[in-house]
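Before any comments, here is the structure.
The analysis underlying the following values was restricted to heavy atoms, covering all of them including side chains, and did not include hydrogens, waters or symmetry mates. Numbering of ligands and ligand atoms starts at 1, following listing order. Each residue takes its place number in the sequence, starting with 1.
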Amino acid sequence: MAFDVIIAGAGIIGSSIAWRLAQHGLRVALLDAGRMGGEASSAGAGMLAPGGEIEDRTPWNDFALESLRLYPDFVAELESETGQRIDFQRLGAVDVAASEEEWRALEARGRVQASLAIPSCPLSAGELRKQVPLVRDGVAGALFYPQDALADPYDVMRALRSACLIRGVEIREGVAVEAIRPSADSAEVRTSTGVLGAAAAVLAAGAWSSQIPVEGLRLRRAFPVRGHLIGFHLESSLGPIVRHGHTYLLQRAGGFTIAGTSSEHAGFDRILDPRILSDIHSRAADLLPVLSTKTPDRQWLGFRPGVEGEGPAVGRAGETALWLAYGHYRNGILLAPATAATVAGEITANLETGSSGRSGRR
Ligand code: GLY
């Protein structure tokens, strides 16, 4: 077999797994029907923000917190392997309360989150103004989450491409995976350019994962949850991530400021909806009045990888040589380090055990 592992999907999840496997000396093929990181990974804002996402203790929420802990080393290792810089900033986040009622709800959420090891501290309107000088007047207060961070997914994907190439991963773009036939100790992968065999395969095709039939297994259904975003080149500094309900704003190191978002079940429709874009703009301008007179410099959408059931599909599919790594929904950028550590760790351990009992596999 030419490859130890074939990965279907070269988004941030599949690429991170490929990199980790190649670091272990495995021969990896990373396939994508389009471009590496060309879908949800490059559309995402890159908020690494359990403070805005987690309100209870579940195994998946613990997984997200673990992934946030892994992030600084994940970024530092990618930077040192590739010599490329990644915009990763731990500026914290503020959740703004527009009214006393919202403030009480935020305080209650903060108390629950403290018991989950997500720290936050209250800010008065004056303290918020010091942290976020652009925020509007008349808010009731805010909660500050010091651990929330952001990473530019574009930088992460660019570094992952280099890191994969340095480690010998074979990246094949424009190659669609059409079917996977896993057995107990190998996988046959049918692609648009021919059939490949490997000791293991990974299904990491995000919202497209259910379009790849997997013989003999009934997997949780993946589906797209579309989200719109807009971006502005801002001269002034935003400070921490700013959130209010479903609206968020964050600023890249170079000043590009992203506002989101929306959530639609609209299949893979790529046509931007002007009403949704204008709604995001007015919600963002309500928080930062400076945006009200600005025209967005960029408007785009992406397809979050939704999945049936609780949490993403991560881990071995039954007793087969197929691993699943899809359905990360709103948190694909955040969950990449922990997903890669888990999936690459399991595959490596499995292949080592298998090869000690068999000769000639590698
Ligand atoms: N992670 C934020 C979003 O999905 O919009």
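With hydrogens left out, the protein atom closest to atom 4 (O) of ligand 1 is Arg304 NE, 2.6 Å, a heavy atom.
Residue Arg330 has at least one nitrogen or oxygen atom sitting less than 3.5 Å from a nitrogen or oxygen atom of ligand 1, judged on distance alone.
The distance from ligand 1 to the heavy atoms of Tyr248 drops below 4.0 Å at these ligand atoms: 2 (C), 3 (C), 5 (O).
Note: Phe256 and His233 have tilted aromatic rings, judged against thresholds of 30 and 60 degrees for the angle between ring planes.
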Carefully, step by step, assess Glu81 and Trp19 under the rule side-chain hydrogen bond (donor to acceptor under 3.5 Å, both in side chains). CA-CA 11 Å; Glu81 283 209 6; Trp19 175 48; 3.0 Å; yes
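Heavy atoms of Tyr329 found under 4.0 angstrom from ligand 1: none, in either backbone or side chain.
For Phe223, the CZ atom counts as densely surrounded, since its 6.0 Å shell holds more than 12 non-hydrogen atoms of other residues, nucleotides or ligands.
Of all non-hydrogen atoms in Leu301 and His228, the two that sit nearest each other are CD2-NE2, 3.9 Å.
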